[in-house]
Amino acid sequence: MAEVRILYFAWLRERAGRGEEALTLPPDVATVGALMDWLGRRDPALAEAFAMRRVVRAAVNQNFASAETPVAAGDEVAFFPPVTGG
Amino acid sequence: MGTVRVQPEDFSPGAEFDALLARAPGAGGLGSFIGVVRSNAAQPIVAMTLEHYPAMTVAAIASIVGAAETRFDLLGCTVIHRFGRLLPGDRIVFVAAAAAHRRAALDATSFLIDWLKTKAPFWKREEMADGTARWVEAAAQDAQEADRWNMG
């Protein structure tokens with residue numbers, strides 16, 4: 001039973017209809033990629049956004065992450081489009 | 001050593017140059033870049049809102065600054081990035097790098113802004129004159145310009 005804090009930014013936040021949520025993950029959801037699959041199964045709006053995997057980026061505990069990055073209890077996982085600052 | 005600020009308010013480039021030079025004795029030159037909100041006649045924008053990831057932003061910029069300091073042997077640098085709603089012509093970002101010689105100062109300035117564009121968690125949303133809004137898409141060219149610093 002791993003509770004993680006999930007954040008959404010920019011158009012992903014708008015698609016999700018929320019900026020953040022705290023969720024308890026099932027034991028088999030242990031990576032960013034598995035988390036995206038699980039979130040998509042729970043929420044069609046996220047499934048649609050995550051279908052564009054090429055343009056969705058993630059960070060775990062404020063560090064850029066890949067689909068293989070582990071996710072554990074207490075982590076903060078953020079999803080966002082490619083950055084456009086500067 | 002580097003100064004990093006993320007803030008909604010504007011900054012004074014002159015004051016930042018003076019402060020950086022005061023912190024960088026031995027500097028022979030200072031390179032700088034200021035990014036401003038761009039509009040154009042064909043598709044004028046009313047405003048641009050910069051969203052960011054507060055818990056990550058300063059650390060991500062500090063990491064970029066640390067890489068620049070090591071790579072270019074900087075004597076000091078300053079990065080200021082604004083967030084919130086800005087108008088055309090408003091300053092968005094300030095980058096300045098102080099070094100013993102001009103080449104390092106100028107190259108470090110390019111490196112810092114190229115990496116900020118691809119590694120700092122900011123997102124731009126443009127409000128158009130017709131009332132619509134759109135998220136700015138990352139330019140492939142930005143990634144290429146950041147990647148060139150990985151070569152050689």
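Quick note on labels: first sequence line is chain A, next is B, and so on, each numbered from 1.
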Test: Arg5(A) and Asp75(A) ion pair at under 4.0 Å: no
Non-neighbouring partners of Asp18(B) that pass side chain to side chain donor-acceptor pair (under 3.5 Å), sequence neighbours left out: none
Option that, when pairs with chain A are counted at under 4.5 Å, heavy atom only, ranks first among Trp115(B), Phe83(B), Phe33(B), Tyr53(B): Tyr53(B)
Region of Ala55(B) in contact with chain A, defined by heavy-atom distances below 4.5 Å: both
Backbone N/O of Glu48(A) and side chain of Arg15(A): donor-acceptor pair under 3.5 Å: no
Residues Glu51(B) and Arg13(A) bridged, charged N to O under 4.0 Å: yes
Carboxylate-amine/guanidinium proximity below 4.0 Å for Arg5(B) and Glu16(B): yes
Residues of residues 86-114 of chain B within contact distance of chain A, non-hydrogen under 4.5 Å: Ile92(B), Val93(B), Ile113(B)
Name of the residue among Glu21(A), Glu20(A), Glu14(A) meeting side chain to side chain donor-acceptor pair (under 3.5 Å) with Arg18(A): Glu21(A)
Any side-chain donor near an acceptor of the partner, Trp135(B) and Glu126(B), under 3.5 Å: no
